[in-house]
Amino acid sequence: MSLDDIDRVTVLGAGNMGHGITEVVAIAGYEVTMRDIEQDLVDDGYESIQWSLEKLSEKGLIDEDPEDVMSRVSTEVDLETAVEDADLVIEAAPEQMSLKKDIFGDLDEFTHEDCILASNTSSLSITEIATATSRPEKVCGMHFFNPPVKMDLVEVIYGEETSDETAETVYEFTEAIGKTPIYVRKDVNGFVVNSVLGPFGDEAGWIVSAGEATIREVDATMVHERGYPMGPFELGDLTGIDIGYHVRKEAGKDVPPIVEEKVEAEELGQKTGKGYYDYEDGDGADYGPDDVSGEFDWLRIEARIINEAAKLIGNDVATPEAIDTGLRLGAGFPEGPCRRADKLGLDTVLEKLQEQHEATGEERYEPADYLVDLVEAGKTGEDAGEGFYEYGGDDGERDYQTLNTTLTEDGLLEIELDRPERLNALNADLMDEIVHVLDHADMDAVRAVSFEGTGDRAFCAGADITGFAGMDPADVDVTPVFQTVNDFPRPTLAKIQGFCLGGGLELALACDLRIATEDSEFGFPEINLGLIPGGGGTQRAMRMLTEARAKELVFRGEHISAERAENWGLVNRCVTDEEFEDTVDEFLEDLVHGAPIALRKAKEVMNEGRDQDIGAGLVMESQAFGLLLTTDDMMEGASAFMEKRDPEFEGK
Ligand code: NAD
């Protein structure tokens, strides 16, 4: 069974996850049946999908009419009818092994023999679920995150007998429904995301239980200094303190006293009105930057997270890339733990674990063999040129974490900003990687460069403020990336779909040309944060727009529409979604086939001349003109013109 063979999908369960998964599958264009055990439950799920589709439609996040999407959803109570034509079944019934085994036994009987059977379980063994069937090679885990409509990640989990064909088909199907899959190659407890995330709450619990820091101090430091979207205690309150408690107890692990106390007092978090914070009589998770004391040892938490990641890699459960993608998309981490480890230095991480292990004798600090091996081999991270990832030397290959790059045969270097979970916001890595790509581009091959964002929600929504938290102003130098793009000796084009704000707009302005879809939005919101654009935005806007318009953008901090951006001359074209790729291709076609030296000189004299008086500009122009008259390209252009054919420029 390959992706092309999947026509009909059935989702079992119309609850929280089941209805969301059904919705995602239907939005992607598949026929999908949602089954629950009672008509009322199916109806509730169906209504939830309708409600959610309306919301998505109001926000412009789906292209189709909600009714058209709904026309692909059918509901069913009878199991056999629900699954008899299915090519893929995704089970999202309650988390009980006996129930799941009953269901998979029935599925084995009622589905056709090629049908793939996937479970959305968060914590049960896929291998064991598969024993209820006669086709364990066709059973795998397909773990969505809550809510499926918003969360991009899906873990594709191998049971012991899952075939590569099954896992690959589910992986491709996940991509086909617009989600990002990662492989979990072995059926380990908690899979990838939850096992690596475990120490975030657990170690924080031990630290506070030992009186080494307060709840607020820990949460504030992790958010305001380390860039996590919320602190471990706030997260515990949100997911329910009992959930993590039971997971750890069942895995036979010790639970920090503070967690134990909360569970005994039935203060389980937001759902009971009180947990680590008080949501009824207090202000909830009300920590702020002032709670950061600088005393608390956050490295203990991060070292344990990194250690979990190292265990998974060493046991061939997942690659560093899969782990980092998983934690960024599934847990909102500002960067993946493997990437962060390479920056911290794996030797530093290992020392912290060893120090704790010696002091306490606790198993949870025991360093993973894989981590020890890396450090012993001198692979201690970015500074050493290799850690979890390879960084290469100045001329070396580098694994980009936040970019996808492709060089086409025509010489177009396509750079895709790949942080969809943060609307492709610029952080230090992303800026650094753009500079690296452009600095190391093969100038004999590259004729033009395009920039775009992954997903269709944003080109780039700005600078990732969480990444700047705790930075010393002296260390903040955001200009290199914009200057590198601005000065790149080939034409550059920004393909803008969705938000193009703040640093994202500055990146677009540093490009030579900009094409946007009509639902894109532009703006400099920095003023609302008490800042101003810091990547050349004030200066480039002043030169590109009228003074009044540039100041309107910077002073008011409001978004403007793509149509207005086109009227103002901020973008070259504003087009519909349907026209977008064709318009972009027409532009890029001219850029990659244009005369390379002439394009380079044109860019140079236009950029440099802009900042000079006209006399100096004219001198630059005529010098460049004179030089171009001596090129082979000019001869080729002239001959092609005479011979009425397309020129073939070689950049000589
Ligand atoms: P839920 O209780 O909201 O929904 C489960 C639904 O399954 C219920 O409507 C129930 O009536 C129905 N059901 C019971 N027996 C069934 C059967 N034999 N066939 C079809 N439907 C049946 O639970 P949920 O939160 O949607 O979780 C479902 C699964 O997804 C669980 O395995 C859970 O671990 C997993 N999961 C949950 C989350 C989450 O955050 N809620 C995240 C990822 C995965």
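Source: prediction; values computed, not measured. As a basis for the values below, the full set of heavy atoms in this structure was taken, side chains included, without hydrogen atoms, waters or symmetry mates.
The shortest heavy-atom contact between Ala463 and Ala425 is C-CB, 4.2 Å. Between Ala441 and Phe488, the shortest heavy-atom distance links the atoms CB-CZ, 4.1 Å. Heavy-atom minimum distance, Ala167 versus Val156: O-CG1, 3.8 Å. For the residue pair Pro596 and Gly651, the shortest heavy atom distance occurs at CG-CA, 3.6 Å. When every heavy atom of Met151 is checked against every heavy atom of Lys179, the shortest pair comes out as O-NZ, 3.1 Å. In terms of heavy-atom proximity, Leu153 sits nearest to Gly326 at CD2-O, 3.5 Å.
By the 4.5 Å heavy-atom criterion applied to side chains, Pro533 and Thr538 are counted as neighbours. Between Met70 and Leu53 the shortest side-chain heavy-atom distance falls below 4.5 Å. With contacts defined as side-chain heavy-atom distances shorter than 4.5 Å, the pair Ile182/Leu329 does not qualify. Met142 is listed as a side-chain neighbour of Thr174, based on a closest heavy-atom distance under 4.5 Å. A heavy-atom distance below 4.5 Å is found between the side chains of Ser561 and Arg564. The shortest distance between side-chain heavy atoms of Glu321 and Phe388 does not fall below 4.5 Å. The shortest distance between side-chain heavy atoms of Ile313 and Cys338 falls below 4.5 Å. Here the side chains of Arg340 and Phe333 are not in contact, with every heavy-atom distance at 4.5 Å or above.
No more than 12 heavy atoms of other residues, nucleotides or ligands shown are found within 6.0 angstrom of CE on Met606. Crowding of Arg556 atom CZ: a count of heavy atoms from other residues, nucleotides or ligands under 6.0 Å not exceeding 12. Summarising the local packing, CD of Glu621 is surrounded by 12 or fewer heavy atoms from other residues, nucleotides or ligands at distances under 6.0 Å. Enclosure of atom CG in Asp456 is not indicated, since only 12 or fewer non-hydrogen atoms of other residues, nucleotides or ligands lie within 6.0 angstrom.
Here ring pair (Phe, Tyr, Trp, His ring centres under 6.0 Å) pairs that include residues 512-536, with residues two or more places apart or in two chains, number zero. Applying the side chain to side chain donor-acceptor pair (under 3.5 Å) test to residues at least two apart or on different chains, the pairs with a partner in residues 148-158 are His143-Glu155, Tyr158-Asp164, Tyr158-Arg185. Among residue pairs with one or both ends in residues 58-71, those qualifying as side chain to side chain donor-acceptor pair (under 3.5 Å) are Glu64-Arg72; sequence neighbours excluded. Counting only residues at least two apart or in different chains, side chain to side chain donor-acceptor pair (under 3.5 Å) contacts with residues 578-594 comprise Lys495-Glu581, Thr576-Glu579. Within the structure, the salt bridge (charged side-chain N to carboxylate O under 4.0 Å, His left out) test picks out the following pairs touching residues 524-548 (sequence neighbours left out): Arg543-Asp611, Glu547-Lys551.
For Gln612 (side chain) and Gly617 (main-chain N/O), no donor-acceptor pair under 3.5 Å exists by modelled atom type. Proximity of a side-chain donor or acceptor of Arg422 to a complementary backbone N or O of Gly332 within less than 3.5 Å is detected. No donor-acceptor distance shorter than 3.5 angstrom exists from the side chain of Glu452 to the backbone of Ser450, with no hydrogens or angles considered. Listed for the Asp410 side chain is no donor-acceptor partner under 3.5 Å among the backbone atoms of Leu412. Asn404 places no side-chain N or O within 3.5 Å of a backbone atom of Glu416 that could act as its donor or acceptor partner. Listed for the Ser520 side chain is a donor-acceptor partner under 3.5 Å among the backbone atoms of Ile496. At distances below 3.5 Å, at least one donor-acceptor pair connects side-chain atoms of Glu506 with backbone N or O atoms of Gly535. With hydrogens and angles disregarded, no donor-acceptor distance shorter than 3.5 Å links the side chain of Arg600 to the backbone of Pro489. Between the side chain of Thr169 and the backbone N or O of Met1 there is at least one donor-acceptor pair closer than 3.5 Å. Within the 3.5 Å criterion, the main-chain N or O of Leu417 finds a donor-acceptor partner in the side chain of Thr454.
Counted by atom type alone, Tyr391 and Glu386 present zero donor-acceptor pairs between their side chains at under 3.5 Å. Between the side chains of Asn427 and Thr402, no donor-acceptor pair is found at a separation under 3.5 Å.
The ring-ring contact (aromatic ring centres under 6.0 Å, His included) check on Tyr171 picks up Tyr183, with sequence neighbours excluded. With sequence neighbours excluded, the residues that form a side-chain contact (heavy atoms from CB on, under 4.5 Å) with Asn572 are Leu513, Arg514, Phe587. With sequence neighbours excluded, no residue forms a ring-ring contact (aromatic ring centres under 6.0 Å, His included) with Phe482. Applying the side-chain hydrogen bond (donor to acceptor under 3.5 Å, both in side chains) rule to Glu552 yields no partners; only residues at least two apart in sequence or on another chain are considered. Among residues two or more places apart in sequence or in another chain, the side-chain contact (heavy atoms from CB on, under 4.5 Å) test is passed with Asp519 by Thr517, Asp577. Tyr30 pairs by the ring-ring contact (aromatic ring centres under 6.0 Å, His included) definition with Phe173, not counting sequence neighbours. Residues meeting the side-chain hydrogen bond (donor to acceptor under 3.5 Å, both in side chains) test with Thr492, sequence neighbours left out: Asp512.
Remark: Lys343 does not engage Asp383 in a salt bridge, criterion side-chain N to carboxylate O under 4.0 Å. Ion pairing between Arg328 and Glu335 fails under the 4.0 Å rule for side-chain N and carboxylate O. Residues Glu566 and Arg573 are not paired through a salt bridge, judged by the lack of any N-O separation under 4.0 Å between the basic side chain and the carboxylate. The residues Glu382 and Arg339 are annotated as salt-bridged, a charged nitrogen and a carboxylate oxygen being separated by less than 4.0 angstrom.
Atom CD of Glu409 is separated from atom OG1 of Thr406 by 12.5 Å, given to the nearest 0.5 angstrom. To the nearest 0.5 Å, atoms CG (Asp464) and CG (Asn424) are separated by 11.0 Å. The distance from the CG atom of Leu327 to the CD1 atom of Ile305 is 7.5 Å, given to the nearest 0.5 Å. Interatomic distance, Leu344 CG to Ile306 CD1, rounded to the nearest 0.5 Å: 5.5 Å. Expressed to the nearest 0.5 Å, how far CG of Asp4 lies from CG of Asp7 amounts to 9.0 Å. Interatomic distance, CD of Glu521 versus CG of Leu505, reported as 12.5 Å (0.5 Å rounding).
Less than 6.0 angstrom separates the ring centroid of Phe200 from the ring centroid of Tyr228.
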Full working for side-chain contact (heavy atoms from CB on, under 4.5 Å) between Ile177 and Val154:
CA-CA 11 Å; Ile177 57 173; Val154 176; 5.7 Å; no

Would you check, one step at a time, whether the test salt bridge (charged side-chain N to carboxylate O under 4.0 Å, His left out) holds for Arg645 with Glu636?
CA-CA 10 Å; Arg645 60 174 173 82; Glu636 163 65 8; 2.8 Å; yes

